[in-house]
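Quick notes on the structure that follows.
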Amino acid sequence: MRFTIITAFPDFFRDFLSTSIVGRAVKAGLFQVEAIDLRSFGKGAYRQIDDYAFGGGGMVLAPKPLKDALNAVSARTGEQRQKPFLICPTPQGALLTQETVETLYRQPHVVIVCGHYEGIDERFIEGEVDLEVSIGDCVLTGGEIPAMVVIDAVSRLIPGVVGKSGAVKEDSFYRGMLDHPHYTRPSSWEGRGVPEALLSGDAGDIDAWRRKEAVARTVTRRPDLLAKSDLGYYAGEVYVVIECGSARHVGEWAKLCESYGVSRLLLAMNSPEKREILRQDLGESSGVKLMPSLEYAVDWAAKKGKKGGRGKGKNLPLLVEVPNSEREGARHWLDVKRLVLEKGGPVLFYLFEDDRSAEKSDAIRLVPLQEGKLPFYGKLAALLDRFLGSR
Ligand code: 6GU
């Protein structure tokens with residue numbers, strides 16, 4: 001991929017583009033960057049690129065030099081037909097997120113226009129700019145440092161730029177969660193030790209500790225991020241129980257559950273005859289488990305948790321009912337998601353094909369998704385996407 005920076009201060013980028021990880025990647029040809037001097041498109045002997053703001057209040061970058069610079073980029077690269085993606089760093093932009101970074105990563109050519117002074121003539125922005133981005137609620141002197149932020153963040157998604165494969169996947173925000181704390185030697189420093197789990201050498205213990213810390217930090221520091229987090233990765237086993245009368249759609253449900261990483265799809269069917277027929281239809285390898293009732297499913301999940309996990313006694317799953325109509329004391333899905341993450345145990349989502357409630361007294365009930373208007377398959381998909389979907 002390629003970046004073009006249009007800037008009145010190309011010198012800003014020299015060290016950035018030749019140092020450390022970005023420098024190495026540019027040298028290795030993993031991506032290309034050019035910085036274009038806006039001043040060389042300026043007017044007159046003084047190469048003027050800005051002018052007084054109409055209405056007063058400082059200097060504004062004029063539209064013509066910007067447009068000329070942009071045309072020069074397109075002419076040079078023969079891109080008249082496929083326009084590059086144009087972004088403009090400004091405190092008025094949408095806050096830069098990892099999602100935006102991923103969008104930019106998918107563009108073959110990103111042009112970054114760096115504003116200065118009071119800003120850029122709005123007509124250039126209206127006519128040419130695809131996206132205005134801000135890197136935080138503070139004011140900087142110009143768009144050069146934000147441009148470096150964008151290039152740095154995007155470049156590290158390019159294969160080969162960040163050394164260790166998998167490193168990107170473990171980053172903060174990759175799974176919608178903040179990163180866990182890190183430690184190195186010595187194991188005791190200024191009277192402070194290192195968490196026991198990290199010294200144990202047990203990969204499972206280390207992983208569990210890191211996930212727990214990541215969740216704890218996110219819940220206290222950035223609860224707003226929880227909407228994006230992948231519950232399956234952080235909270236452990238997720239089961240779905242569907243109470244159904246027939247087996248017509250089981251195949252589709254199972255596929256959906258599998259693609260969202262549900263540990264097991266359980267079907268609650270109280271007729272033994274129907275269960276037997278379905279058992280034969282599904283075969284051994286379906287991964288779907290048949291149960292006579294919800295109570296049975298809860299019990300099964302609890303025992304399963306005990307066997308797999310390291311907890312003592314029964315590890316009762318958090319039971320979450322997914323109704324189609326309003327229930328007293330129902331909770332918004334985001335609150336339930338936070339609850340599941342804080343508790344950390346297994347969770348069992350309970351759905352029924354018809355809108356009849358099991359009214360399990362100890363269940364948490366969700367506020368109906370999409371006002372309860374979704375067809376069953378849509379409801380299941382929406383549920384899984386909110387709790388287990390990756391950004
Ligand atoms: Cl992208 N530009 C400027 N000039 N100031 C900022 C910013 C961008 N983001 C936050 N403050």
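All values derive from a computational prediction rather than experimental measurement. Numbers for residues simply follow the sequence, beginning at 1. Just follow the structure's listing: the first ligand is 1, and inside any ligand the first atom is 1.
If you check which protein heavy atom lies closest to atom 9 (N) of ligand 1, you get Ile135 N, 3.0 Å. Nearest non-hydrogen protein atom to atom 10 (C) of ligand 1 is Gly136 O, 2.9 Å. Protein heavy atom at the shortest distance from atom 7 (C) of ligand 1 is Pro91 N, 3.8 Å. Summary of contacts: the protein heavy atom closest to atom 5 (N) of ligand 1 is Leu140 N, 3.1 Å.
Taking a cut-off of under 4.0 Å to the non-hydrogen atoms of Ser134, the atoms of ligand 1 that pass are 1 (Cl), 9 (N), 10 (C). Those atoms of ligand 1 that come under 4.0 Å of a heavy atom in Pro146, given as number and element, are 1 (Cl), 2 (N), 8 (C). Shown in contact with Val133 at under 4.0 Å from a heavy atom are these atoms of ligand 1, numbered in order with element: 1 (Cl).
In this structure, the ring of Phe9 has its center less than 6.0 angstrom from the ring center of His116. Two rings, from Phe376 and Trp253, have their centers less than 6.0 Å apart.
Residue contacts with ligand 1, taken as heavy atom pairs separated by less than 4.0 Å, involve Thr90 solely via the backbone atoms N, CA, C and O.
Atoms CG and NZ, from Leu226 and Lys337 in turn, are 7.5 Å apart once rounded to the nearest 0.5 Å.
Seen from the ring of Tyr233, Arg211 counts as a face-on cation partner, given the 6.0 Å and 45° thresholds.
Side chain of Thr220 to main chain of Arg217: a donor-acceptor pair is present (N/O by atom type, distance under 3.5 Å, no hydrogens or angles). At distances below 3.5 Å, at least one donor-acceptor pair connects side-chain atoms of Asp130 with backbone N or O atoms of Leu86.
Taking distance alone, with nitrogen or oxygen atoms compared against 3.5 Å, Gly143 stays at or beyond that limit from ligand 1.
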Arg264 vs Val241, side chain to side chain contact (heavy atoms under 4.5 Å, CB included): CA-CA, chis, key distance, verdict: CA-CA 9 Å; Arg264 198 72 173 243; Val241 188; over 6 Å; no
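The closest approach between any non-hydrogen atom of Cys138 and ligand 1 is below 4.0 Å.
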